Every structure is written in C-alpha cells, then in structure tokens.
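Below: the structure, in structure tokens.
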Amino acid sequence: MWNSRPVVIVVAPTGAEVTRAQQPALPHTPREIADSALECVDAGASLVHIHVREPDGTPSANPLYFQETVDRVREGSDLITMVSTGGSVEMSIEERLTGLDAVPDLAGIETGSLNFGDDLFITSRADSFKVGALAAEAGVPLEAEVFDVGHVHSAVAMMESGQIAGPPRFNLVLGVPGGIGATPEALDAMVRALPRDANWTVTAIGRHQRRMLALGLLLGATGIRVGFEDNVYLRKGVLASSNAELVVAAADLARSLGREVATTEQAREILQLPRLARVGS
Ligand code: KMH
Ligand code: ZN
C-alpha cells in the first residue's frame, strides 16, 4: 500500500544503551537532549522520542529531567514530544512511567517481552495495562513499540479491548538482538499483522538501518526513525557528527524515493494528534 502522504521523520537523540565512548556527541542533560532535537527541526524531523539521562550518561527516570526536556523542546519548536515508557532494561515499570508526568504529546507503550542483547526487557500484560491506564488518565495518546510479531498481535488485542486508546499507532522496531530481525521478510511479517488503518513507523538498529527504512518508505510507512538511540553511524565506518546529520540523510532518502517530508503540523494531522493551541491563535 503506497502512502502518498508526507513521511514523519522521528528523531531518537539519546536512548538508554549508547555511550559517549561509542558516540562523542551523545546528549546527556535535558538541555543537550532538547538542543539536539531542536537542531533536527530544519533538517526535517517532526517528532522527538525522549529518554533522559543523568549528567554522567546513566539512563534516568527522573521526572524533572523529562519535564525540562519537554519544556525546552516546546519552547523552541512545534516538534511532537514523545516520551519512552520503555526506559532501560534496568528500570522497574514504575520508573518507566515517570515521563508521563510531563504530559507529552505522545508516549510509547511496550506490549511484550524479549531478550535485549544480553539482558531481559520485560513488559508483562499487567505492565502494559498500567501504562495504558496511566496514559489515559493523563490524556496522553499512545504508540505501541513492537519488537516482534507477537507484540503486534498483543497490541492489536489491547487496542480492540480499549486498554490502549486508539487510533492505532505502531513503531516497528527491527534488529534488536533478541527481537525480530532487520530483514525484508521480518518487516513484511510485521506489516501484515497490523490493522488496516494503522499508522506505522520503521525503526531499525545498526547496519541494516538504511535499507530497512528505504523499504519501509516504499511500502508506505507513516514514519521512519533515526538518531543515536538506533545507530551512531552516518554510513559504514563514519560516525555521525550530530543527530541532525542523521535526520538530513533520512530526509534525503525519503525524497529520493518519492516521499515528501512532513512538517510538524502535517505530522500531527497524520498521527491524529491535537493541533497545537498557540497563545493568541
Ligand atoms: N531502551 C530499551 C530497553 C522504548 O523506548 O520504548 C527500550 C526502548 C524502547 O528504548
Ligand atoms: Zn526508546
């Protein structure tokens, strides 16, 4: 299903796993994370996927860091703010929920568990229900972060039963060691499991990222994701100098394949998120 709509470019500036030893430009503080996201606006990003860290780079669940990051992004742009409730493999589900306090435009929700490299990344059904209920209470729309086909099935069931409020939004994450692979067959299997009217973004980890994003664009993905959370390289052997450089490359890729790049306003419409209420408008 070809998608003639502009593509939403998502930037994930820091994540929880990458280190400054791997990527010297990795942002740590709320100011650094927000500044890095803001640099990506002119490059073509319309949505920022937020994790926060301690100043020394340790993954953090401090709600004040989420609040400061969201506030800074909103002060400087119309970017859609999305907080992770995946956090890091070390965090309890309670810690993973703290980003919701910032009342972002969107939050992720995990709908299953997997091996995550050498670690376990556990999200029980009860955990998902907790995230779904708290997001509903806070009025924060959700996107399912799915790492395998079973997670898609579980998310669909939770959407149908109302535990995850609609409309259906998915981020298909390919290539986590322990999750589904970054292959055309894997992407096809994930897409086939989606509801017909779903919005879906492609995220791919590591060296197969570019071709999987390209394939997603050709198959009609709503969005593609780049940023240091997923890949620190611009191309083989060349570290990216910034998240913005990765967004520029993603936008070039989209345009080269016949997809326009969504503005923040278009992205809100595509993802069925409320338009921004600006003072005086
Ligand atoms: N850091 C991973 C364990 C998400 O943001 O929803 C979880 C993650 C997924 O990054
Ligand atoms: Zn994440």
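Since the structure is predicted, the reported quantities are computational estimates derived from the model, not experimental observations. Read the numbers this way: they start at 1 and go in the same order the structure lists the ligands and their atoms.
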> Does any N or O atom in F121 lie less than 3.5 angstrom from one in ligand 1, N or O only?
Replying inline: no
> Quick one: nearest non-hydrogen protein atom to atom 5 (O) of ligand 1, plus distance?
Replying inline: S84 OG, 2.7 Å
> Is it true that E94 and K130 make a salt bridge, defined as a side-chain N closer than 4.0 Å to a carboxylate O?
Replying inline: yes
> Of the choices M91, E229, R96, which has the non-hydrogen atom that lies closest to atom 10 (O) of ligand 1?
Replying inline: E229
>> If the contact criterion is a heavy-atom separation under 4.0 Å, does G87 count as touching ligand 1?
In response: yes
> Within a reach of under 6.0 Å around CD of E269, are more than 12 heavy atoms found that belong to other residues, nucleotides or ligands?
Replying inline: no
>> Working to the nearest 0.5 angstrom, can you tell me the gap between L246 CG and D230 CG?
In response: 9.5 Å
> G108 near ligand 1, heavy-atom distance under 4.0 Å?
Replying inline: no
>> Can you check which of H51, E145, E17, E90 brings a heavy atom nearest to atom 8 (C) of ligand 1?
In response: H51
> Of the protein's non-hydrogen atoms, which lies at the shortest distance from atom 9 (C) of ligand 1, and what is that distance?
Replying inline: E110 OE2, 3.3 Å
> Is there an N/O/S atom in E229 that lies less than 2.8 Å from the Zn ion (ligand 2)?
Replying inline: yes
> What's the shortest heavy-atom distance between D197 and P168, and which atoms?
Replying inline: OD1-CG, 3.7 Å
>> When you measure from the side chain of T264 to the backbone of L79, do you find a donor-acceptor pair of N or O atoms at a distance under 3.5 Å?
In response: no
>> Check this for me, if you would: do R20 and E32 make a salt bridge, where the nitrogen-to-carboxylate-oxygen distance has to be below 4.0 angstrom?
In response: yes
